[in-house]
Amino acid sequence: MKKGNKLKASFYLSDDVVRVAQDLLGKKLCSHIDGVYTSGIIVETEAYSGRNDKACHAHLGRFTKRTSTMYQKGGTAYIYLCYGIHHLFNVVTNVEGIADAVLVRALMPTEGLDEMHSRVKTKQADYKLCAGPGKLTKALGINKVRNGIYLASSSDTWIENDLDVHASEIVATTRIGIDYAEEDALLPWRFYLKGNKSVSKY
DNA sequence: GGAAGGATGCACT
DNA sequence: GTGCATCCTTCCA
């Protein structure tokens with residue numbers, strides 16, 4: 001498999017998590033797990049900031065064993081379990097000590113579709129295999145064992161450059177499932193590719 | 001040691 | 001479009 005396009009460590013170190021969230025659209029998330037290669041284009045992301053963002057697990061100094069991964073340096077994978085069932089995949093950004101992260105909410109499957117089907121066990125169409133943060137991790141075989149791996153050097157989960165996305169194709173809107181965050185739930189920090197069928201929700 | 005809650009997905013009407 | 005299952009982590013006693 002090719003690895004020449006793997007994103008460099010510097011990509012993740014930006015102090016502007018919202019911009020990184022937009023830049024990740026069109027990139028390819030790849031995994032090589034259990035000897036099987038699967039990948040998909042990132043079509044939907046959300047930005048979370050450790051400072052001044054009530055939606056972030058680590059906001060205002062909330063520091064636990066679970067959130068500690070978010071304080072690591074940009075490029076670290078933060079994977080955690082929601083509702084005891086669903087694994088959610090985040091990309092940590094910024095420098096060590098700042099809990100900024102980008103949640104990857106949806107992919108457009110590109111390679112390894114057969115394996116994704118057998119993992120997800122859904123009757124839905126191919127383009128919906130990764131349409132949702134819980135489903136994309138299952139489709140790629142990612143679970144909390146991968147929590148804390150470093151995407152810029154890992155050989156089993158990484159992100160590559162792929163599509164060039166023009167700013168006009170990116171739609172910014174409010175985030176999902178974080179009503180408890182009060183006014184921060186209204187921030188337009190969710191980004192997706194306009195018209196893409198793999199986006200989880202409009 | 002125990003209780004509460006959660007960045008969802010699926011089945012069903 | 002709507003209702004609810006499901007179980008690990010965190011926090012408090």
Side-chain angles (χ1 to χ4, degrees), chain A residues 12 17-18 20-22 24-25 29 38 40 42-72 74 76-94 98-109 116-148 151 157 159 171-193 196-202:
Chain A
Y12 304 105
V17 64
V18 174
V20 174
Q22 295 174 69
L24 277 171
L25 292 174
L29 176 63
T38 51
I42 297 172
V43 297
E44 185 178 352
T45 61
E46 287 181 10
Y48 286 84
S49 175
R51 295 178 64 83
N52 304 319
D53 179 9
K54 292 175 183 170
C56 181
H57 290 158
H59 81 94
L60 297 179
R62 192 191 299 169
F63 188 96
T64 66
K65 189 176 181 183
R66 182 179 68 166
T67 62
S68 67
T69 305
M70 272 205 279
Y71 289 89
Q72 294 182 29
T76 303
Y78 169 46
I79 299 157
Y80 92 101
L81 200 55
C82 179
Y83 296 102
I85 311 170
H86 309 293
H87 296 278
L88 274 61
F89 178 81
N90 300 251
V91 178
V92 178
T93 69
N94 217 321
I98 308 237
D100 286 359
V102 177
L103 168 67
V104 179
R105 290 189 52 86
L107 307 177
M108 179 174 64
M116 291 187 193
H117 268 295
S118 67
R119 282 172 177 157
V120 178
K121 293 189 177 66
T122 179
K123 290 174 265 184
Q124 299 181 63
D126 290 349
Y127 67 81
K128 282 198 164 178
L129 275 172
C130 301
K135 286 202 292 191
L136 76 89
T137 53
K138 186 182 290 185
L140 293 191
I142 294 171
N143 58 45
K144 64 178 182 167
V145 175
R146 311 278 163 199
N147 185 36
L151 296 169
T157 307
I159 298 175
V171 180
T173 183
T174 53
R175 292 174 291 181
I176 292 176
I178 53 165
D179 296 338
Y180 60 85
E182 301 172 19
E183 71 273 15
D184 289 328
L186 300 176
L187 289 170
W189 282 6
R190 172 174 172 245
F191 305 98
Y192 61 87
L193 292 183
N196 193 291
K197 286 186 168 56
S198 294
V199 173
S200 64
K201 188 177 178 183
Y202 286 99

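The figures that follow rest on heavy atoms only: side chains count, while hydrogens, waters and symmetry mates do not. Numbers restart at 1 for each chain; the letters A, B, ... are given by sequence-line order, proteins then strands. What you are looking at is a predicted structure, and each value in this text was computed from that prediction instead of being measured.
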Participant: Among all residues two or more places apart in sequence or in another chain, which pass the ring-ring contact (aromatic ring centres under 6.0 Å, His included) test with F191(A)?
Facilitator: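 Applying ring-ring contact (aromatic ring centres under 6.0 Å, His included) to F191(A) gives none.
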
Participant: Among all residues two or more places apart in sequence or in another chain, which pass the side chain to side chain donor-acceptor pair (under 3.5 Å) test with Y12(A)?
Facilitator: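 Here no residue qualifies.
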
Participant: Output the pairing pattern of DNA chain C as a dot-bracket string, 5' first, Watson-Crick or G-U wobble with both distances under 3.5 Å, | for cross-strand pairs, [ ] for crossing pairs.
Facilitator: |||||.||||||.

Participant: Between the protein and nucleotides 9-13 of chain B, list the N/O to N/O atom pairs that are separated by less than 3.5 angstrom.
Facilitator:
from: dG9(B); atom 1: OP1; to: P133(A); atom 2: N; distance (Å): 3.2
from: dG9(B); atom 1: OP1; to: G134(A); atom 2: N; distance (Å): 2.6
from: dG9(B); atom 1: OP1; to: K135(A); atom 2: N; distance (Å): 3.2

Participant: I'd like the 5' and 3' limits of the part of DNA chain C contacted by chain A, with heavy-atom contacts below 4.0 Å.
Facilitator: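 Under 4.0 Å from chain A, the extent on DNA chain C is dT6(C) to dC11(C).
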
Participant: Restricting to salt bridge (Lys or Arg N to Asp or Glu O under 4.0 Å), what partner residues turn up for R119(A), sequence neighbours left out?
Facilitator: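 Scan of R119(A) (salt bridge (Lys or Arg N to Asp or Glu O under 4.0 Å), adjacent residues dropped) gives E115(A).
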
Participant: Would you indicate what I85(A) reaches in the nucleic acid, counting non-hydrogen atoms under 4.0 angstrom: base, sugar-phosphate, or nothing?
Facilitator: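 It contacts base atoms.
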
Participant: Any pair with a residue in residues 121-143 of chain A that passes salt bridge (Lys or Arg N to Asp or Glu O under 4.0 Å), sequence neighbours left out, goes on the list, sorted by first then second residue, please.
Facilitator: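 Passing the test, one end in residues 121-143 of chain A: no pairs.
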
Participant: If you measure from the C1' atom in dC4(C) to the same atom in dG5(B), how many Å do you get, rounded?
Facilitator: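 Between the two C1' atoms, the distance is 15 Å.
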
Participant: Can you pull out the residues from residues 180-190 of chain A that lie within a 4.0 Å heavy-atom distance of DNA chain B?
Facilitator: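 Under 4.0 Å from DNA chain B: Y180(A).
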
Participant: Can you tell me how far P of dG6(B) sits from CG of N90(A), to the nearest Å?
Facilitator: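 That distance rounds to 17 Å.
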
Participant: Only counting residues at least two apart or in another chain, list the ones meeting ring-ring contact (aromatic ring centres under 6.0 Å, His included) with H86(A).
Facilitator: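 None.
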
Participant: Test: side-chain hydrogen bond (donor to acceptor under 3.5 Å, both in side chains). Region: residues 171-180 of chain A. Which pairs qualify, not counting sequence neighbours?
Facilitator: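 Applying side-chain hydrogen bond (donor to acceptor under 3.5 Å, both in side chains) to every pair that reaches into residues 171-180 of chain A, excluding sequence neighbours, yields D53(A)-R175(A).
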
Participant: For N90(A), check side chain to side chain donor-acceptor pair (under 3.5 Å) against everything at least two apart and list the hits.
Facilitator: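 Side chain to side chain donor-acceptor pair (under 3.5 Å) check on N90(A) returns nothing, list empty.
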
Participant: Can you list the residues that meet the side chain to side chain donor-acceptor pair (under 3.5 Å) rule with R190(A), with sequence neighbours excluded?
Facilitator: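 Checked R190(A) against side chain to side chain donor-acceptor pair (under 3.5 Å); matches are E44(A).
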
